Number of protein chains: 2
Amino acid sequence: MKLRSHCPTNYALEHFGDKWSLLIVRDLMFKGKRHYNEFFESDERVSTSVLGERLRNLEAVGIISKGEDHAKKSRIRYSLTEKGIALLPLMVEMIIWSGIFDNKTAAGEDFLKKAKKNKAALLTALHRKLKTEHLS
Amino acid sequence: MKLRSHCPTNYALEHFGDKWSLLIVRDLMFKGKRHYNEFFESDERVSTSVLGERLRNLEAVGIISKGEDHAKKSRIRYSLTEKGIALLPLMVEMIIWSGIFDNKTAAGEDFLKKAKKNKAALLTALHRKLKTEHLS
DNA sequence: CTGTATCCTTAGGGATACTG
DNA sequence: CAGTATCCCTAAGGATACAG
């Protein structure tokens with residue numbers, strides 16, 4: 001990966017600075033989705049070519065990993081890596097920011113209330129959950 | 001602004017989900033830059049056309065605002081709006097994340113240490129500073 | 001089910017010149 | 001100084017078909 005600069009903001013943007021990558025992270029992190037077809041069916045209507053490319057890229061930069069589903073070996077299951085799980089605080093801040101400024105997003109009221117009341121506790125709980133579910 | 005969905009993650013991505021917008025926010029937020037030529041001179045080497053388009057867009061979505069420089073009325077000065085300043089926690093989390101995983105970024109050691117030691121205090125201090133400097 | 005491959009169209013972006 | 005306008009090329013993305 002050749003970076004435009006070594007600024008930390010830029011480092012992050014070169015990893016996931018596009019309109020699709022973090023939607024996959026969101027699906028893995030908050031929606032319990034783990035399979036290709038589940039990502040494909042998300043509301044934003046990604047195309048197969050874009051989805052394939054983003055999955056490949058996220059794996060290449062170490063944010064997600066692929067493994068076979070233990071229930072059905074022909075089925076591939078995606079997981080967040082440690083690097084991916086570490087995006088949790090960033091994702092939560094994104095949700096909070098949108099919650100403040102998007103008056104149309106009624107969804108997630110409960111989440112926002114929790115985040116406002118005790119953010120640290122919410123992060124700890126989610127972090128533990130992700131670790132047990134995604135790190136083998 | 002026509003959104004692909006009303007998911008909060010998507011709302012945020014539709015605002016600044018590209019490789020350039022948050023670099024401008026970074027310059028305003030952490031580098032004290034306020035003018036066109038200063039953004040243009042940043043390390044990532046943005047082109048004039050892209051810079052112009054991004055400034056226009058960030059203003060259109062309410063993250064930055066334009067005003068004339070009180071020192072020199074022909075000079076335009078950019079400011080973060082309240083909506084832009086509210087991106088502070090998100091930006092800080094981005095920097096922390098990159099600080100963990102980018103071993104080449106030695107810069108900002110001091111910032112990272114402070115963020116780890118007492119994040120809330122750092123945020124409060126920066127937030128106050130931004131409010132006094134950007135909100136007239 | 002989990003993807004690739006292909007085709008085609010559109011959007012992003014670099015370089016440069018130019019304007020108030 | 002603070003941009004816009006233009007040109008041109010490449011990258012991104014949608015649609016569809018196909019493969020293991």
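Given the structure is predicted, the values throughout are model-derived calculations rather than measurements. In what follows, chains carry the letters A, B, and so on, assigned in the order in which the sequence lines appear, proteins first and then strands, with residues in each chain numbered from 1.
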* How are the rings of A:Trp97 and B:His15 set relative to one another: parallel (under 30°), tilted (30 to 60°) or perpendicular (over 60°)? ->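 Ring orientation of A:Trp97 relative to B:His15: perpendicular.
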Could you work out which one of [options] sits closest to the side chain of [X]?
| X | options | value |
| --- | --- | --- |
| A:Trp20 | C:dT4, C:dG14, D:dG14 | D:dG14 |
| B:Val50 | C:dA5, C:dT2, C:dG13 | C:dG13 |
| B:Ile76 | D:dA2, C:dG13, C:dT2 | D:dA2 |
| B:Arg75 | C:dG14, D:dA2, D:dA15 | D:dA2 |
| A:Arg54 | D:dG13, D:dA17, D:dT4 | D:dG13 |

* So does A:Thr48 reach the base of D:dT16 with its side chain, donor to acceptor, closer than 3.5 Å? ->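 Yes, a donor-acceptor pair under 3.5 Å.
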* Asked: For the side chain of B:Ser49 and the base of D:dT6, is some donor closer than 3.5 Å to an acceptor across the two?
  ->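 Absent.
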* Asked: So among B:Asn57, B:Val46, B:Ile63, B:Leu58, which one has a side-chain contact (heavy atoms from CB on, under 4.5 Å) with B:Ile24?
  ->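 Per the side-chain contact (heavy atoms from CB on, under 4.5 Å) rule, the option paired with B:Ile24 is B:Leu58, out of B:Asn57, B:Val46, B:Ile63, B:Leu58.
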Measure the distance from [atom1] on [X] to [atom2] on [N] and round it to the nearest whole Å.
| X | N | atom1 | atom2 | answer |
| --- | --- | --- | --- | --- |
| A:Asp69 | C:dC1 | CG | P | 12 Å |
| B:Leu55 | C:dG13 | CG | C1' | 15 Å |
| B:Glu44 | C:dG13 | CD | P | 13 Å |
| A:Lys33 | C:dC1 | NZ | C1' | 16 Å |
| B:His35 | D:dA2 | NE2 | P | 6 Å |
| B:Leu51 | C:dG13 | CG | C1' | 13 Å |
| B:Glu41 | D:dG3 | CD | P | 14 Å |
| B:Lys19 | C:dA11 | NZ | P | 19 Å |

* Are A:Ser79 and A:Lys66 linked by a side-chain donor-acceptor pair shorter than 3.5 Å? ->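 No.
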* Do A:Glu68 and A:Ile76 come close enough that some side-chain heavy atom pair is under 4.5 Å? ->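 Result no, sub-4.5 Å side-chain heavy-atom pair not found.
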* To do: Scan A:Lys66 against the nucleic acid and name what it touches under 4.0 Å (heavy atoms): base, sugar-phosphate only, or nothing.
  =>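 Sugar-phosphate: the residue A:Lys66, judged by heavy atoms under 4.0 Å, touches backbone atoms but no base.
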* Asked: Checking all strands, does B:Arg56 fall into the base, sugar-phosphate, or nothing category for heavy-atom contacts under 4.0 angstrom?
  ->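 Counting heavy atoms under 4.0 Å across all strands, the contact made by B:Arg56 is with sugar-phosphate only.
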* Think A:Tyr78 has a side-chain N or O under 4.0 angstrom from the OP1 or OP2 of C:dG3? ->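 Yes.
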* Close aromatic pair by centroid cut-off 6.0 Å: A:Phe39 and A:His35 ->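 A:Phe39 vs A:His35: aromatic centres not under 6.0 Å.
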* Map A:Ser74 and A:Asp18 onto DNA chain D by nearest heavy atom, then report which one ends up closer to the 5' terminus. =>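 Result: A:Asp18.
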